[in-house]
Asks: 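Below you'll find the structure I mean.
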There are 2 protein chains.
Amino acid sequence: MTSTSDTSCEQDIFCDVPMIHEGTVREVFEAMPDDGLLFDMAEFFKVFGDSTRVRILFALHQSELCVCDLSALLSMSQSAISHQLRILKNARLVSSRREGKVVYYSLLDDHVKDIIEVGTAHLLEKK
Amino acid sequence: MTSTSDTSCEQDIFCDVPMIHEGTVREVFEAMPDDGLLFDMAEFFKVFGDSTRVRILFALHQSELCVCDLSALLSMSQSAISHQLRILKNARLVSSRREGKVVYYSLLDDHVKDIIEVGTAHLLEKK
DNA sequence: TCGACATATGAACAACTGTTCATGTATAGA
DNA sequence: TCTATACATGAACAGTTGTTCATATGTCGA
């Protein structure tokens, strides 16, 4: 504990770093969600942060599709599509259903639509 | 043009890849937004896909803060915070205001709150 | 049982990302 | 003008990510 007992900073957490508005920082700190939630939220949005996955989600928003349809639609290899579908499945955004040799994927969750809509709204805001 | 005039596939775009439901694929293809929008959307969500940036956004959602406050609050170097703030600024999610030596950052956009709320809703859904 | 087909998956590799470190810029006060 | 402070930024580096390639799994029909 290198105590730089100079100006502010009583006895707590923020002591290594200079800080200008200690009161405000303390209040904001109390209001912060726990790190687990913040981490999970970042992991969740990371899934939307790739254009292949976004295109898959848009496509499935129109219709249930099998892997080779998606592969043809997006002009990408079957392997690449499968890998991305696994990520989407782990994030509980899509579900799959096997029918013979074919596996059909569809959206699992209404939030996908909401999220995409908020995203578009932001992007369409001018300037 | 390697024409595999075998089963389906008339004369168009999807011809290199096997495809099971040509009609559906064609419909979905027509309904897809242009690649530019899809790319921008992925770029936009990529910004939310890092826990440092998510924490900064949560903090600024509580109060306007300067760089060194954020640095203290999140226990991270001033440099790291500055780099991330630049990314958030480029995404038009935060704005800055200088007052003497100090630069204050605040949320620029109401969509941030919406997006965070939809994300939490998804994460809190059980199972 | 065997081959054809739809899909899944592990390894490898290039491209990208976030942090640190060093340094530069801007402002206030002495 | 000189120093201290708050912030910005470029280079470097380690860790991560998305694709390809090769191969494995599962299902159907002959």
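All chains are named by letter (A, B, ...) in the order of the sequence lines, taking the proteins before the strands, and each is independently numbered beginning at 1. Any value given below was found using the heavy atoms of this structure, including those in side chains, with hydrogens, waters and symmetry copies removed.
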Asks: Counting side-chain heavy atoms from C-beta on, which of C:dA6, D:dC7, D:dT19 comes nearest to B:S82?
Replies: D:dC7
Asks: Taking the six-membered ring for Trp, are B:F44 and A:H122 parallel (under 30°), tilted (30 to 60°) or perpendicular (over 60°)?
Replies: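 Geometry flag for A:H122 against B:F44: parallel rings.
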Asks: For the residue pair B:R55 and A:D35, establish whether any side-chain heavy-atom pair is separated by less than 4.5 Å.
Replies: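 Yes; the side chains approach each other to less than 4.5 Å.
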Asks: Using atom CG of B:L70 as one end and atom P of D:dA6 as the other, report the distance to the nearest whole Å.
Replies: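 Nearest whole value for this atom pair: 14 Å.
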Asks: Roughly how many Å is it from CD1 in A:I87 to P in C:dT7, rounded to a whole number?
Replies: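 These atoms are roughly 18 Å apart.
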Asks: Looking at A:I87, A:L88, A:D50, which hits side-chain contact (heavy atoms from CB on, under 4.5 Å) with A:I56?
Replies: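 Checked A:I87, A:L88, A:D50 against A:I56; only one passes side-chain contact (heavy atoms from CB on, under 4.5 Å): A:L88.
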Asks: Compare the minimum distances between each of C:dA8, C:dG18, D:dC7 and the side chain of A:V67, then state the nucleotide with the smallest one.
Replies: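 Selected nucleotide: C:dA8.
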Asks: Send over the distance from B:L88 CG to C:dG18 C1', rounded to a whole Å.
Replies: 13 Å
Asks: Taking the inter-plane angle between the rings of B:F45 and B:F48 on a 0 to 90° scale, is it parallel (under 30°), tilted (30 to 60°) or perpendicular (over 60°)?
Replies: tilted
Asks: Reckon B:Y105 touches a base, only the sugar-phosphate, or nothing at all at heavy-atom distances under 4.0 Å?
Replies: sugar-phosphate
Asks: From the options C:dA6, C:dG18, D:dC7, select the nucleotide whose nearest atom is closest to the side chain of A:K101.
Replies: C:dA6
Asks: Testing the 3.5 Å rule here: is there a donor-acceptor pair between the side chains of A:S96 and A:K89?
Replies: yes
Asks: Which residue lies toward the 5' end of DNA chain D, A:E99 or A:A80, if each is placed at its nearest nucleotide?
Replies: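 The residue mapped nearer the 5' terminus is A:A80.
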Asks: Using a cut-off of less than 4.0 Å, is there contact between a side-chain N or O of B:R86 and OP1 or OP2 of D:dT9?
Replies: yes
Asks: Within the pair B:R53 and C:dT17, is there a side-chain N or O less than 4.0 Å away from OP1 or OP2?
Replies: no
Asks: What is the distance, rounded to the nearest whole Å, between atom CD of B:Q84 and atom P of D:dC7?
Replies: 16 Å
Asks: In whole angstroms, how far is the P atom of D:dA6 from the CG atom of B:L65?
Replies: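 Result: 15 Å.
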Asks: Over how many whole Å does the gap from A:R97 atom CZ to C:dA6 atom P extend?
Replies: 16 Å
Asks: Taking the side chain of B:K46 as heavy atoms from C-beta outward, which of C:dG18, C:dT17, C:dA6 is closest to it?
Replies: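 Of C:dG18, C:dT17, C:dA6, C:dT17 is nearest to the side chain of B:K46.
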Asks: Output the rounded distance in Å from CD1 (B:I20) to P (C:dA6).
Replies: 5 Å
Asks: For B:G49 versus A:K46, what's the shortest heavy-atom pair and its separation?
Replies: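 Nearest heavy atoms, B:G49 then A:K46: O-CE, 2.8 Å.
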Asks: State, to the nearest 10°, the angle formed by the axis through the first five base pairs of the helix from C:dT1-D:dA30 to C:dA30-D:dT1 and the axis through its last five.
Replies: 20°
Asks: Check this one for me: any side-chain N or O of A:Q78 less than 4.0 Å away from OP1 or OP2 of C:dC5?
Replies: no
Asks: Is B:E117 salt-bridged to B:K113, going by a charged N under 4.0 Å from an acidic O?
Replies: yes
Asks: Please pick, from D:dA8, D:dT27, C:dT19, the nucleotide with the shortest atom-to-atom distance to any side-chain atom of A:R98.
Replies: D:dT27
Asks: For the side chain of B:S79, counting heavy atoms from C-beta on, which of C:dT27, D:dT9, C:dA6 is nearest?
Replies: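 That would be D:dT9.
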Asks: Quick one: do A:R97 and A:E64 make a salt bridge, cutoff under 4.0 Å?
Replies: yes
Asks: Could you state the atom-to-atom distance from OH of B:Y104 to P of D:dA8 in whole Å?
Replies: 13 Å
Asks: With a 3.5 Å cut-off and heavy atoms only, can you find an N or O donor on one side and an acceptor on the other between the side chain of A:H83 and the base of D:dT20?
Replies: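 A donor-acceptor contact between them is present.
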Asks: Side chain of A:S77, heavy atoms from C-beta onward: which of D:dT20, D:dC7, D:dG18 has the nearest atom to it?
Replies: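 Nearest to the side-chain atoms of A:S77, counting from C-beta on, is D:dT20.
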